[in-house]
Amino acid sequence: MNDKKPEIIKAVVFSVFDDDGPTPKIYFPRDMEESARLLIAMKTISILMGDAIYQDGSSTSGINYFGILPFPDLKLNGLTYFFLIPDSQARGNAKASTITVLIDESNRVFFYENMKYLRIIIDKAASKVQVTKDFTEIEKIIESLKEELIEFAEELEDPLSTKRQLKILFTGIDGAGKTSFLLGVKKRYSEIIKVLPTKGVFRSNEQIFEQQNSQISIWDLAGQKTYRDKFIEESKFYLYNIDLMFYFIDIQDEERIGESLKLYKEIIYKLRELSEFPSIIICLNKHDPDLKDTKPMKKRIKNVTIDIEKQSEGFFFKIFNTSIFDHWSLISAYSFGLSQLSPNRELFVNQLKQFAKNTNSDAILLLNDNGIILSSYSKSEISEKVFEISAPHYQTLYKTFKEFELLKKDYLISSGITDDSKSVIFKRIIVDQYNLYLLLYVEKEHGIKKVEKNLSDFVKNIKDLIKTYI
Ligand SMILES: Nc1nc2c(ncn2[C@@H]2O[C@H](COP(=O)(O)OP(=O)(O)O)[C@@H](O)[C@H]2O)c(=O)[nH]1
Ligand SMILES: [Mg+2]
């Protein structure tokens, strides 16, 4: 038996866009094939270069994000950090740069599992590169980055578990609507009215795409007092290694809000104790359409929000108002939570932003076949509102028209939205084997023509990102 651990880190490439175009400046191993390092430089830099803000030359600070990119021709997967190096001689006063760490594509779980730590290590090196002028000094920084990454991988006990495991927890006291929410998201309406109080824990899986790198398990916990006590007692088991938590509060039940906030406080306390800091999505649930504008409802939301904000310090959290009678509210909260689990979420938003700029759109949504929002970009709150109101209708219209073969094209357009100069486009796009949908809020004048003109570039860019979405 050979007890030597397999080498995980295959290569590290530092690339810069200079006078010669995308150039691999420093790379390990030193005998890496030229075609391979050029490909890595080209692909990573080209995704960054399209960035609208950078091309404006208006801002160089806001661009630094991570993404996972596949390199099928090399049978490698890369974790890339995109950043800018200030340079007064360059266009936009900065040079687009990337640091890419490469591993065998069959080991890709390694990236997902260790993202948190890898980000810190790479970010640290990139920050040094940004302020270093001397090339041999930069070489040293990249060299020691490589060393640190290899060391990190060697120290892991089981660096290559087969699939990335993600754990999502649904919590909150009994009757807050957790189980109904999960059924509602999946449009299993007939089951909602039959839902019985959950006992213990109910586990299910989430499949965003037919093929995905991660196994996502959802734990729907019972909220009755007896189970709750058990849950807090055995919190190590339930709260350990969670990636995302949904917390439900019945915003109609004035009497039990105190009890609900108390449980939240206990969970937060336990999470801190365990040093677990999952993203948290708070659902102020039963925010039913016929009650949402009433005074007591508004007042309760305000008070609960203040309390939650106070409790949640140090956590990334977001509060949503949800109701099973407003499907979009469920989808928004659920999708936002899931998107927090994607290592490519920043890259996606940037791709949407760029596409928005090229098509004169104020807002864009990217949906999967089940209506989950994979990514969204909007210029303003107003454009966000337009989607909130219209998205579910377009989705239904499109599906219905298609079903009855009333639609010859693969898009729907409506005009006269907000003022006469805007329209909404709902369009199906095919990216590899995936059926995806775009919703765009665009200037009527340019409309679908601009969308179609820029679509192939957009699809090309997200093709690889989609494979590593989750
Ligand atoms: N009015 C209203 N009732 C809801 C909503 N969501 C769930 N319910 C009802 O609240 C009760 C408890 O829901 P359930 O999903 O079992 O809550 P859980 O104990 O948190 O899983 C059920 O009678 C549901 O029909 C909602 O958004 N609005
Ligand atoms: Mg339940």
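Computed from a prediction, not measured in an experiment: that's the story for all the values here. Each ligand, and each atom within it, is numbered from 1 in the order the structure gives. This chain uses plain numbering: 1 for the first residue, then up along the sequence.
With hydrogens and angles disregarded, a donor-acceptor distance shorter than 3.5 Å links the side chain of Ser323 to the backbone of Phe325. For Thr80 (side chain) and Val101 (main-chain N/O), no donor-acceptor pair under 3.5 Å exists by modelled atom type. Without hydrogens or angle criteria, Asn285 side chain to Ala176 main chain gives a donor-acceptor distance under 3.5 Å. Remark: side-chain polar atoms of Gln252 are paired, donor with acceptor, to backbone N or O of Lys286 under 3.5 angstrom.
Counting protein heavy atoms under 4.0 angstrom from atom 23 (O) of ligand 1 gives zero.
Looking at ligand 1, you'll find an N or O of Ser180 within less than 3.5 Å of one of its N or O atoms. Residue-to-ligand polar distances keep His287 apart from ligand 1: every N/O pair is separated by 3.5 Å or more. At least one N or O atom of Gly175 sits closer than 3.5 Å to an N or O atom of ligand 1.
For Pro197, the heavy-atom gap to ligand 1 stays at 4.0 angstrom or more. At a 4.0 Å cut-off, at least one heavy atom of Phe325 sits close enough to ligand 1 to count as contact. Within the 4.0 Å heavy-atom cutoff, Gly172 does not count among the residues contacting ligand 1.
Of all protein heavy atoms, the one closest to atom 8 (N) of ligand 1 is Lys286 CE, 3.6 Å. Shortest contact from atom 27 (O) of ligand 1 to any protein heavy atom: Ile324 N, 2.9 Å. Scanning the protein for heavy atoms near atom 17 (O) of ligand 1, the closest one is Gly177 N, 3.0 Å.
By the criterion of a heavy-atom distance under 4.0 Å, the side chain of Asp288, and not its backbone, is placed next to ligand 1.
Note: Tyr334 and Phe170 have tilted aromatic rings, judged against thresholds of 30 and 60 degrees for the angle between ring planes.
Near Thr179, the atoms of ligand 1 lying under 4.0 angstrom from a non-hydrogen atom of the residue are 15 (O), 21 (O). Proximity to Asn285 (heavy-atom distance under 4.0 Å) selects the following atoms of ligand 1: 6 (N), 27 (O). Close approach of ligand 1 to Ala176 (heavy-atom distance below 4.0 Å) involves ligand atoms 17 (O), 20 (O). Heavy-atom contacts of Asp174 reach the following atoms of ligand 1: 19 (O) (cutoff under 4.0 Å).
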- Would Tyr469 and Ser375 satisfy side chain to side chain donor-acceptor pair (under 3.5 Å), going step by step from the backbone distance to the final call? CA-CA 10 Å; Tyr469 182 83; Ser375 185; over 6 Å; no
- Message: Before you tell me yes or no, could you show the steps for Lys186 and Glu206 under salt bridge (Lys or Arg N to Asp or Glu O under 4.0 Å), namely the whole-Å CA-CA distance, both residues' side-chain angles and the distance that decides it to 0.1 Å?
- Response: CA-CA 10 Å; Lys186 303 282 175 221; Glu206 173 58 67; 2.6 Å; yes
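Of all the heavy atoms in Asp250 and Gly175, the pair that sits closest is OD2-O, 4.0 Å.
Inclusion of Thr179 in the first shell of the Mg ion (ligand 2) is supported: an N, O or S atom falls under 2.8 Å.
Within a 6.0 Å radius of CD in Glu255, other residues, nucleotides and ligands contribute 12 heavy atoms or fewer. Lys379 NZ: 12 or fewer foreign heavy atoms inside a 6.0 Å radius.
Salt-bridge formation is detected for the pair Asp362/Lys422: a Lys NZ or Arg NE/NH1/NH2 atom is positioned less than 4.0 Å from an Asp or Glu carboxylate oxygen.
When Val195, Thr171, Thr322 are ranked by how near their heavy atoms come to atom 16 (O) of ligand 1, first place goes to Val195.
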